[in-house]
Protein chains: 2
Amino acid sequence: MTDDPFSPRGFSETGHGPLYLQLQRRIADAIASGRLGPGDSLPPEREMASMTGLSRVTVRRGVQELVASGQLVQRRGSGTFVARKVERLEQALSLLTSFTEDMARRGRSVESRWIGRGLFAPSPEEVMALGLGSADRVARLERVRLSDGLPLAIERASLSQQVLPRPDQVESSLYSVLEARGLRPVRAVQRISATNLGAADAGFLQVAPGAAGLRIERISYLPSGQVIEFTRSLYRGDAYDFAVELKSAPDTDRRPG
Amino acid sequence: MTDDPFSPRGFSETGHGPLYLQLQRRIADAIASGRLGPGDSLPPEREMASMTGLSRVTVRRGVQELVASGQLVQRRGSGTFVARKVERLEQALSLLTSFTEDMARRGRSVESRWIGRGLFAPSPEEVMALGLGSADRVARLERVRLSDGLPLAIERASLSQQVLPRPDQVESSLYSVLEARGLRPVRAVQRISATNLGAADAGFLQVAPGAAGLRIERISYLPSGQVIEFTRSLYRGDAYDFAVELKSAPDTDRRPG
DNA sequence: AAGTGGTCTAGACCACCTC
DNA sequence: AGGTGGTCTAGACCACTTG
């Protein structure tokens, strides 16, 4: 069918599930088929409601998941639009580089908006990860990372005060500051998981609350084995791919028998 | 404050944001502080509404995001409960192993529920990834992976018919079948991203629709360089961590100047 | 000022499970 | 049968942007 998704026909027929899911499917199909293209506006919610014969609450509910998954964008006072394609960026996981260097290598602009920067009393998590003493203070760098104007990640880095006594001196790349002090990490361990973004973090990344994000915890080491950096990052799930190459485990290459 | 989260006090005061977020924060705090422990039941929605002075719709909305993020579980006809802690499993990304082998190494049980298995006409995506000809058919293995009774992942593997002529013969580990045919992959490239799970996939994984999942696409190669397997997996975001070790890029170890 | 999305309400019916 | 969550409605007010 090449009909518009908002005709009242077909709604409420039994066996097709909840009405809000039926509407959601229609809109998703319209986007997938190209009937609705990037940047196109959808009718106002009240109009979608009257067109479909559904209530506005039900329309909003149908639209909601498409907003959360990044297919639609809503702007208060403005309207609902089909999201412009966000080109996925790939980051090679096997290389230990900083966000700044990574983007520069691709010829992309890098900006940061600082959320917080300073010396603090460490959290128990930071004491654990950085091996701090009870009297130590921790340097925290919290920022939103943007590339070509698009917010891509929230980065929360913690370092011992001894490693970074003046966090306010970090302007762009943390790693370049560390390198200037002869403290560039050469090894790191990362843990990657997925999480639903809370309202605050979603706001920083300009996505809907509940949207999926990639959470990465990284602990970086000096050649000496000393821990130097503990960073928790949240990447936009719709804008970032991590790529990694795997090799077979040595002990499973050959089997007895 | 150690009050219960459902007292009407404090709601509606200005400057605290929407009511549903205030309720959400109260419940989340109660869980974080241990006032609500794993398995505890929350009052019925109608009761939470009358206790707080909010409408049931608003209560549901506040609860909704906590369900999506896996902190609460709702069972129709039964109630709303604090989720039991799901122990996160770590998988070393640098090793190329199968789900079956990976779990066996940890001493965990492995089960699979088949969703689909057979020979099909390939999708364009499969033609690209596997380098198929127009007349080739593709073997598809779709299953839900469970460990100790808990669904952890959906795995959708595609292989050329020439590699796996009899997909119905795969019972547990795909890799062990390939190895028996002398076709075990030794190298793979993975792309990792995050996504909100749709209703169907969320159902397979027994999480709420919209919950965050880890999406992994993997292409595996034989020693000869031939592509052997193209797999798309969705892991529960709340149950899986991927761990990876990074090393510094050779060309950034030393810099001129 | 008019229009948009964001929030909230009171009340209803249904499907499911067994409180 | 009674309680629970799941869905849906009509209508209201607010905050924001400017179609």
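Sequence lines set the chain letters: A, B, ... in the order given, protein chains first and strands last, and positions in each chain run from 1.
By the 4.5 Å heavy-atom criterion applied to side chains, B/Leu23 and B/Phe6 are counted as neighbours. Using a 4.5 Å heavy-atom threshold, the side chains of B/Ile154 and B/Tyr235 count as separate. Counting heavy atoms from C-beta outward, B/Phe242 and B/Leu214 have side chains that approach closer than 4.5 Å.
Among the candidates A/Gln74, A/Glu45, A/Arg60, the single residue satisfying the side chain to side chain donor-acceptor pair (under 3.5 Å) test with A/Thr80 is A/Gln74. Put simply, the residue from B/Arg113, B/Arg117, B/Arg156 that forms a side chain to side chain donor-acceptor pair (under 3.5 Å) with B/Glu142 is B/Arg156.
Residues A/Glu125 and A/Ser123 have side chains that never bring a donor and an acceptor to within less than 3.5 angstrom of each other.
At a threshold of 4.0 Å, the pair B/Arg145-B/Glu111 does not count as salt-bridged, since none of the basic side-chain nitrogens sits closer than that to a carboxylate oxygen.
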Checklist entry - Reading nucleotides 3-9 of chain C from the 5' end, what letters show protein touch, with B for base, S for backbone sugar-phosphate only, - for no heavy atom under 4.0 Å? => result BBBBBSB
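The stretch residues 199-208 of chain A has no heavy atom under 4.0 angstrom from DNA chain C at all.
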